[in-house]
K.L.:
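After the structure tokens below, expect a handful of questions from me.
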Amino acid sequence: MKKQELRVLYKQKRNNLSVNQIIELQDNIYQQVYSLNYSGVKVVHLFLSLTKFKEIDTQPIINFLRKQNIKIVVSKSNLTDNTLSHYYLEENTVLELNKFGVPEPVNAVKVDEQELDLVFVPMLISDELNYRVGYGKGFYDRFLLKCREDAKFIGLNFFKPIYQIEDSNDFDVPLHQVIYPK
């Protein structure tokens, strides 16, 4: 299937998940995230969840990483050029919803992409080559291209990867790993 078809299908599949199913799927994902090797990881980028789209709740991951003394970074969207800028998420960071309902930091210190050791990436679905389908604006592909070569990109998803995304292209950045419920 092509990206647009996959977007429609997996938005619907995610929307059809019950609260209990989401809790069960998230618990499985959290256990995998908690068991990753974080040696040498000092700065992690995480997406802030959009509950209205039934995205994975990243707050437990944020809490876990803070206990490991790992700095957390989150993004602000520039909706004119579909880019992201990045900021430290401290205990006292104020978050406000942008016009699309995305929580974004207000009073935070800016971070360069080159400082990131690990990036957790949102998605609707991925394939067996670790290419992903997001919401279609290319925010994350632009962002990941600016990261260090040795930075790791890990996708978080409720669904097992499909065989192949038919219309992946040279602008798509593959992930190093995708975590989904086993």
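These figures come from a predicted structure and were not determined experimentally.
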K.L.:
Could you tell me whether a side-chain N or O of Lys54 sits under 3.5 Å from a main-chain N or O of Asn15, the two making a donor and an acceptor?
P.N.:
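It does hold such a pair.
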
K.L.:
Show the nearest heavy-atom pair for residues Leu124 and Phe159, with the distance to one decimal.
P.N.:
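The pair with the smallest heavy-atom distance is O-CD1, 3.9 Å.
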
K.L.:
Decide yes or no for Val133 and Met123: does some side-chain heavy atom of the first lie under 4.5 Å from some side-chain heavy atom of the second?
P.N.:
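The answer is no, as the side chains (C-beta and beyond) never meet within the 4.5 Å cut-off.
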
K.L.:
Please tell me if the side chains of Leu144 and Leu175 come closer than 4.5 Å, counting only heavy atoms from C-beta onward.
P.N.:
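Answer yes - side chains close enough.
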
K.L.:
So Arg14 and Glu55, do their side chains get closer than 4.5 Å, heavy atoms only?
P.N.:
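Answer yes - side chains close enough.
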
K.L.:
Is it the case that Asp81 and Thr83 place a side-chain donor and acceptor less than 3.5 Å from each other?
P.N.:
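There is such a pair (donor and acceptor under 3.5 Å, judged by atom type) between the side chains of Asp81 and Thr83.
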
K.L.:
Starting from the C-alpha separation in whole Å, work towards a yes-or-no answer on side chain to side chain contact (heavy atoms under 4.5 Å, CB included) for Tyr30 and Asp27.
P.N.:
CA-CA 5 Å; Tyr30 296 152; Asp27 285 344; 4.0 Å; yes

K.L.:
Which pair of heavy atoms, one from Ile70 and one from Val44, lies closest together, and at what distance?
P.N.:
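What the structure gives for the nearest pair is CG2-CG2, 3.5 Å.
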
K.L.:
Name each donor-acceptor pair under 3.5 Å that joins a side chain in residues 6-13 to protein atoms two or more places apart or in another chain, with its distance.
P.N.:
| residue | atom | partner | partner atom | Å |
| --- | --- | --- | --- | --- |
| Arg7 | NE | Gly134 | O | 2.8 |
| Arg7 | NH1 | Gln4 | OE1 | 3.1 |
| Gln12 | NE2 | Asn16 | OD1 | 2.9 |

K.L.:
Looking only at atom types and distance, does a side-chain atom of Arg132 sit under 3.5 Å from a main-chain N or O of Val178, one as donor and one as acceptor?
P.N.:
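Side chain of Arg132 to backbone of Val178, a donor-acceptor pair under 3.5 Å: no, none is there.
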
K.L.:
Would you say Arg66's side chain and Ile62's backbone share a donor-acceptor pair under 3.5 angstrom?
P.N.:
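Such a contact is absent between Arg66 side chain and Ile62 backbone.
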
K.L.:
Should Arg148 and Glu115 be marked as a side chain to side chain contact (heavy atoms under 4.5 Å, CB included) after you check the CA-CA gap, both sets of side-chain angles, and the distance that decides it?
P.N.:
CA-CA 8 Å; Arg148 291 191 328 258; Glu115 293 182 48; 5.6 Å; no

K.L.:
Would you say the side-chain atoms of His176 pair up with the backbone N or O of Phe153, donor to acceptor, closer than 3.5 Å?
P.N.:
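Yes, His176 side chain to Phe153 backbone: donor-acceptor pair under 3.5 Å.
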
K.L.:
As an exercise, state the distance from CD of Gln164 to CG of Leu129, rounded to the nearest 0.5 Å.
P.N.:
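Gln164 CD to Leu129 CG: 7.0 Å, rounded to 0.5 Å.
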
K.L.:
Roughly how far apart are Leu65 CG and Ile61 CD1, rounded to 0.5 Å?
P.N.:
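Here the interatomic distance stands at 7.5 Å.
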
K.L.:
Is there a donor in the side chain of Glu104 and an acceptor in the side chain of Asn98, or the other way round, less than 3.5 Å apart?
P.N.:
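Short answer, yes.
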
K.L.:
Can you check whether Leu84's main-chain N or O pairs, donor with acceptor, with Ser77's side chain at less than 3.5 Å?
P.N.:
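Not at all, since once roles are kept as given, no pair shorter than 3.5 Å links the two residues.
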
K.L.:
Kindly indicate whether the side chain of Val73, heavy atoms from C-beta on, has any atom under 4.5 Å from the side chain of Leu89.
P.N.:
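With C-beta onward as the side chain, the pair stays apart.
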
K.L.:
Supply the atom-to-atom distance Lys182 NZ to Leu25 CG, rounded to the nearest 0.5 angstrom.
P.N.:
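So the NZ of Lys182 and the CG of Leu25 are separated by 12.0 Å.
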
K.L.:
Do Phe47 and Val121 touch side chain to side chain, with heavy atoms closer than 4.5 Å?
P.N.:
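No, side chains not in contact.
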
K.L.:
First locate atom CD1 of Ile22, then atom CD1 of Ile56, and finally report the distance between them rounded to the nearest 0.5 Å.
P.N.:
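Atom-to-atom, Ile22:CD1 and Ile56:CD1 are 9.5 Å apart.
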
K.L.:
Can you tell if the side chain of Leu116 reaches within under 4.5 Å of the side chain of Lys42, non-hydrogen atoms only?
P.N.:
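Side chain of Leu116 against side chain of Lys42, heavy atoms only: no contact under 4.5 Å found.
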
K.L.:
Same cluster for Leu145 and Val43 if Ile/Leu/Val/Met/Phe/Trp/Tyr side chains link at under 4.5 Å?
P.N.:
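Yes; Val43 is reachable from Leu145 via cluster members.
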
K.L.:
If you compare all heavy atoms of Cys147 against all heavy atoms of Ala151, which two are closest, and at what distance to 0.1 Å?
P.N.:
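Looking at all heavy atoms of both residues, the closest pair is CB-CB, 4.2 Å.
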
K.L.:
Knowing that exactly one of Asp172, Asp127, Asp141 qualifies, which makes a salt bridge (charged side-chain N to carboxylate O under 4.0 Å, His left out) with Lys3?
P.N.:
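Among Asp172, Asp127, Asp141, the one that satisfies the salt bridge (charged side-chain N to carboxylate O under 4.0 Å, His left out) with Lys3 is Asp172.
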
K.L.:
Does atom CD of Glu128 have more than 12 heavy-atom neighbours from other groups under 6.0 Å away?
P.N.:
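Yes, enclosed.
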
K.L.:
Roughly how far, to the nearest 0.5 Å, is OG1 of Thr58 from CG of Leu46?
P.N.:
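Between atom CG of Leu46 and atom OG1 of Thr58 there are 5.5 Å.
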
K.L.:
Would you say Gln32 and Asn28 are linked by a side-chain donor-acceptor pair, where the criterion is simply a distance under 3.5 Å?
P.N.:
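Checked: Asn28/Gln32 side chains pair up, N/O donor to acceptor below 3.5 Å.
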
K.L.:
Quick one, Asn20 with Ser18, criterion side-chain hydrogen bond (donor to acceptor under 3.5 Å, both in side chains). Give me CA distance, side-chain angles, the key distance, then yes/no.
P.N.:
CA-CA 5 Å; Asn20 287 340; Ser18 71; 5.5 Å; no

K.L.:
Taking only residues at least two apart or on different chains, which pairs with a member in residues 52-79 satisfy ring-ring contact (aromatic ring centres under 6.0 Å, His included)?
P.N.:
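Applying ring-ring contact (aromatic ring centres under 6.0 Å, His included) to every pair that reaches into residues 52-79, excluding sequence neighbours, yields Tyr34-Phe64, Tyr38-Phe64, Phe53-Tyr135.
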
K.L.:
With ring-ring contact (aromatic ring centres under 6.0 Å, His included) as the test, pick out the partner of His45 among Tyr88, Phe143, Phe120.
P.N.:
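Only match with His45 under ring-ring contact (aromatic ring centres under 6.0 Å, His included): Phe143.
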
K.L.:
Mind running side chain to side chain contact (heavy atoms under 4.5 Å, CB included) on Leu97 and Val102 for me, showing each step along the way?
P.N.:
CA-CA 5 Å; Leu97 300 181; Val102 178; over 6 Å; no

K.L.:
Kindly indicate whether the side chain of Glu90, heavy atoms from C-beta on, has any atom under 4.5 Å from the side chain of Lys71.
P.N.:
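No - every pair of side-chain heavy atoms lies 4.5 Å or more apart.
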
K.L.:
Do Asn107 side-chain atoms and Val94 backbone N/O form a donor-acceptor pair below 3.5 Å?
P.N.:
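Judged by distance alone, yes, a pair lies under 3.5 Å.
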
K.L.:
May I have the step-by-step check of side chain to side chain contact (heavy atoms under 4.5 Å, CB included) for Phe158 and Leu17, ending in yes or no?
P.N.:
CA-CA 10 Å; Phe158 289 134; Leu17 293 171; 3.8 Å; yes

K.L.:
Any chance NZ of Lys67 has more than 12 other-residue heavy atoms, nucleotides or ligands included, within less than 6.0 Å?
P.N.:
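Open.
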
K.L.:
Do you know which two heavy atoms are closest between Ser75 and Pro105, and how far apart they sit?
P.N.:
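Taking Ser75 first and Pro105 second, the nearest heavy atoms are O-CD, 3.6 Å.
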
K.L.:
Does Glu96 reach the main-chain N or O of Val106 with its side chain, forming a donor-acceptor pair under 3.5 Å?
P.N.:
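No, the answer is negative, given that no donor and acceptor are paired below the 3.5 Å cut-off.
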
K.L.:
What is the distance from atom CG of Asp57 to atom CG of Leu156, rounded to the nearest 0.5 Å?
P.N.:
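Going from CG on Asp57 over to CG on Leu156, the span is 11.5 Å.
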
K.L.:
Would you check if the side chain of Gln177 reaches a backbone N or O of Ile154 as a donor-acceptor pair within less than 3.5 Å?
P.N.:
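Checking the backbone N and O of Ile154 against the side chain of Gln177, no donor-acceptor pair under 3.5 Å is found.
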
K.L.:
Strictly by modelled atom types, are Asn63 and Gln59 linked by a side-chain donor-acceptor pair under 3.5 Å?
P.N.:
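On atom types as modelled, these side chains qualify, holding a pair under 3.5 Å.
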
K.L.:
With a 4.5 Å heavy-atom cut-off, do Glu5 and Asp167 have their side chains touching?
P.N.:
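With C-beta onward as the side chain, the pair stays apart.
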
